[in-house]
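Report on the following structure.
Residue numbers run from 1 in the order of the sequence given. Here the structure is a predicted model, which is why all the values come from computation and not from measurement. FYI, side chains are in, hydrogens and waters are out, and symmetry mates aren't considered; it's all heavy atoms of this structure.
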Amino acid sequence: MTEEKIKVLIIGSGPAGYTAAIYASRAGLNPVLYTGGEPGGQLTTTNDVENFPGYPDGINGPAMMTDLQKQAERFGTDIRFGLATSVDFSSYPHKVIVDEKHEITAEAVIISTGASAQYLGLPSEKRLMNVGVSACAVCDGFFYKGKEVAVVGGGDTAAEEATYLANICPKVYLLVRRDEMRASQIMQERVKNTPNIEILWNTSTDEILGKDEVEGMRVINNITGEKKEIPLSGFFVAIGHKPNTDIFKEYLDTDEAGYLIVEPGTSKTKIEGVFVTGDAADKVYRQAVTAAGTGCMGALDAERFLAAKEFELAK
């Protein structure tokens with residue numbers, strides 16, 4: 001196994017990771033960034049991004065991530081393709097194994113591994129991704145203004161997505177696979193009191209219909225087995241996200257869903273020199289702009305931590 005010692009390691013390459021890289025490299029910390037298994041993160045699966053500041057005409061997700069990558073490289077970030085496969089935070093400095101063959105010892109580690117949306121697993125869902133199928137109503141709902149849409153899920157996220165879409169769409173179908181929702185009582189009441197949301201209880205998705213874009217859905221009643229087709233233009237999957245944090249759980253605290261826990265108002269974890277940014281810790285907002293903001297926080301927290309360390313050693 002090869003070995004390498006560096007000052008700052010950034011794990012992940014979404015808006016959080018690249019923003020952390022921009023700030024860390026401008027601060028002279030010579031960061032190394034490993035892109036992870038999905039270089040660019042979730043935005044690389046998004047066609048149009050219209051709510052990120054600075055792009056008045058909008059931009060597609062992959063192009064925006066390329067812009068962020070180039071900006072990080074411009075200031076000297078060493079960007080590498082590779083996946084962090086294990087970590088050892090039991091001693092300082094910290095050890096991270098990349099691709100099970102390269103050991104990096106880093107004085108500061110910024111975790112920006114993000115989260116992955118969970119999907120139903122239908123072939124039509126994958127085929128129609130970004131042409132009617134989405135996992136983020138706040139990101140993509142605007143494109144379906146004035147059109148009929150569906151949301152799948154029974155938790156708070158599904159309830160929030162449905163009520164959000166109900167403000168801009170004339171009809172929203174909410175597919176709940178059981179006879180009750182998992183959402184909090186207040187969110188359930190909000191959904192039930194929104195007149196243009198129709199809840200389809202005990203209902204699952206049999207197929208998403210359409211050749212080049214979503215044209216409808218075929219649903220199945222889980223009790224009777226009855227199937228029916230419903231025409232619509234947008235299909236939003238809201239059955240949860242899984243944070244990409246498994247390799248850190250031995251050393252860092254997580255909530256029940258696996259999101260890493262940070263000190264409120266910071267990116268700091270319970271282990272000194274380890275910081276978390278973006279969707280690996282954020283289960284509330286999950287937006288590119290908020291991820292970028294925490295990326296800035298992670299780099300600044302790391303810079304201050306390292307400066308304090310150097311001051312201690314100089315005494």
Practice item. Start with the C-alpha gap between Ser134 and Asp140, add the side-chain angles, then the distance that decides, and say whether side chain to side chain donor-acceptor pair (under 3.5 Å) holds. Key: CA-CA 7 Å; Ser134 169; Asp140 301 326; 2.6 Å; yes
Check your understanding: What pairs meet the disulfide bond (SG atoms under 2.5 Å apart) rule with one or both residues in residues 88-126, with sequence neighbours excluded?
Key -> none
Practice item. Assess whether side-chain contact (heavy atoms from CB on, under 4.5 Å) is satisfied between Val191 and Leu174, documenting all intermediate values. Key: CA-CA 9 Å; Val191 167; Leu174 179 60; 3.9 Å; yes
Exercise for review: For salt bridge (Lys or Arg N to Asp or Glu O under 4.0 Å), just list the numbers for Lys7 and Glu310, CA-CA rounded to whole Å, side-chain angles, deciding distance to a tenth of an Å, and then say yes or no.
Suggested key: CA-CA 12 Å; Lys7 188 176 285 290; Glu310 289 180 10; 3.4 Å; yes
Review point. Given the rule in the side-chain contact (heavy atoms from CB on, under 4.5 Å) test, do Phe235 and Leu120 qualify, once you have shown the distances and angles that lead to the verdict?
Key: CA-CA 12 Å; Phe235 187 90; Leu120 300 173; 4.0 Å; yes
Point to revise | Partner residues of Pro93 under the side chain to side chain contact (heavy atoms under 4.5 Å, CB included) criterion, sequence neighbours left out | key: Thr105
Point to revise | Under 3.5 Å: donor-acceptor pair, side chain of Ser112, backbone of Gly12 | key: no
Practice item. Output, in order, the C-alpha distance, side-chain angles, deciding distance and verdict of side-chain contact (heavy atoms from CB on, under 4.5 Å) for Arg177 and Asn202. Key: CA-CA 4 Å; Arg177 61 187 176 91; Asn202 298 304; over 6 Å; no
Practice item. With the side chain counted from C-beta on, respond yes when Val214 and Val131 share a heavy-atom pair under 4.5 Å apart, and no when they do not. Key: no
Exercise for review: Mark yes when over 12 heavy atoms from residues, nucleotides or ligands other than Tyr92 sit less than 6.0 Å from its OH; otherwise mark no.
Suggested key: yes
Practice item. Before giving the answer on side-chain contact (heavy atoms from CB on, under 4.5 Å), spell out for Phe275 and Glu263 the whole-Å C-alpha distance, their side-chain angles and the decisive distance to 0.1 Å. Key: CA-CA 10 Å; Phe275 309 91; Glu263 182 182 314; over 6 Å; no
**Study point:** Distance in Å, Leu43 CG paired with Gln287 CD, rounded so as to fall on 0.5 Å steps
**Key:** 9.0 Å
Review point. Any ring-ring contact (aromatic ring centres under 6.0 Å, His included) pairs touching residues 99-152, not counting sequence neighbours?
Key: Tyr144-Phe236
Exercise for review: Evaluate whether atom CZ of Arg127 has more than 12 neighbouring non-hydrogen atoms of other residues, nucleotides or ligands under 6.0 angstrom away.
Suggested key: yes
**Study point:** OH/Tyr23: more than 12 non-hydrogen atoms of other groups inside 6.0 Å
**Key:** no
Practice item. Evaluate the side-chain proximity of Tyr18 to Met65: yes if any heavy-atom separation is below 4.5 Å, no if none is. Key: yes
Exercise for review: With sequence neighbours left out, write down each residue that passes salt bridge (Lys or Arg N to Asp or Glu O under 4.0 Å) with Lys227, or none if nothing qualifies.
Suggested key: Asp206
Review point. Side chain to side chain contact (heavy atoms under 4.5 Å, CB included) with Lys70: which residues, sequence neighbours excluded?
Key: Thr66
Point to revise | Pairs meeting criterion side chain to side chain donor-acceptor pair (under 3.5 Å) with involvement of residues 267-276, two or more places apart | key: Asp253-Lys270, Ser267-Asp301, Glu272-Lys309
Check your understanding: Using a side-chain heavy atom cutoff under 4.5 Å and only I, L, V, M, F, W and Y, what cluster partners does Val87 have?
Key -> Ile6, Leu9, Ile11, Val32, Tyr34, Phe89, Val96, Val98, Ile104, Val109, Ile111, Ile247, Phe248, Tyr251, Leu252, Leu260, Val262, Ile271, Val274, Val276
Check your understanding: Ala307: what forms a side chain to side chain contact (heavy atoms under 4.5 Å, CB included) with it, not counting sequence neighbours?
Key -> none
Check your understanding: Any sub-3.5 Å donor-acceptor pair from Thr19's side-chain atoms to Gly295's backbone N or O?
Key -> no
Point to revise | Residues which pass disulfide bond (SG atoms under 2.5 Å apart) with Cys136, listed by chain and number, not counting sequence neighbours | key: Cys139
**Study point:** SB check Arg26 Glu303 (cutoff 4.0 Å)
**Key:** no
Point to revise | Pairs involving residues 152-172, ordered by first then second residue, that meet side chain to side chain donor-acceptor pair (under 3.5 Å) (sequence neighbours left out) | key: Asp156-Ser184, Lys171-Glu198
Review point. Do Asn30 and Val8 come within less than 4.5 Å of each other through their side chains, counting heavy atoms only?
Key: no
**Study point:** Between CD on residue Glu148 and CG on residue Asn196, distance to nearest 0.5 Å
**Key:** 10.0 Å
Review point. Can you tell me if CD on Gln118 sees more than 12 non-hydrogen neighbours from other groups inside 6.0 Å?
Key: yes
Practice item. Might you confirm whether atom NZ of Lys228 has over 12 heavy atoms from other residues, nucleotides or ligands at distances under 6.0 Å? Key: no
Check your understanding: Any chance the side chains of Asp99 and Thr85 put a donor and an acceptor closer than 3.5 Å?
Key -> no
Point to revise | Where at least one partner belongs to residues 50-77, residue pairs that pass ring-ring contact (aromatic ring centres under 6.0 Å, His included), sequence neighbours excluded | key: none
Check your understanding: Listed by chain and number, what are the side chain to side chain contact (heavy atoms under 4.5 Å, CB included) partners of Leu209, not counting sequence neighbours?
Key -> Glu207, Arg218, Glu229
Practice item. Please answer whether the main-chain N or O of Trp201 pairs with a side-chain N or O of Thr203 as donor and acceptor at a distance below 3.5 Å. Key: yes
Check your understanding: Got Lys101 and Thr2 here, is their nearest side-chain heavy-atom distance under 4.5 Å?
Key -> no
Practice item. Could you grab the distance from atom OG1 of Thr205 to atom CD1 of Ile220, nearest 0.5 Å is fine? Key: 10.5 Å
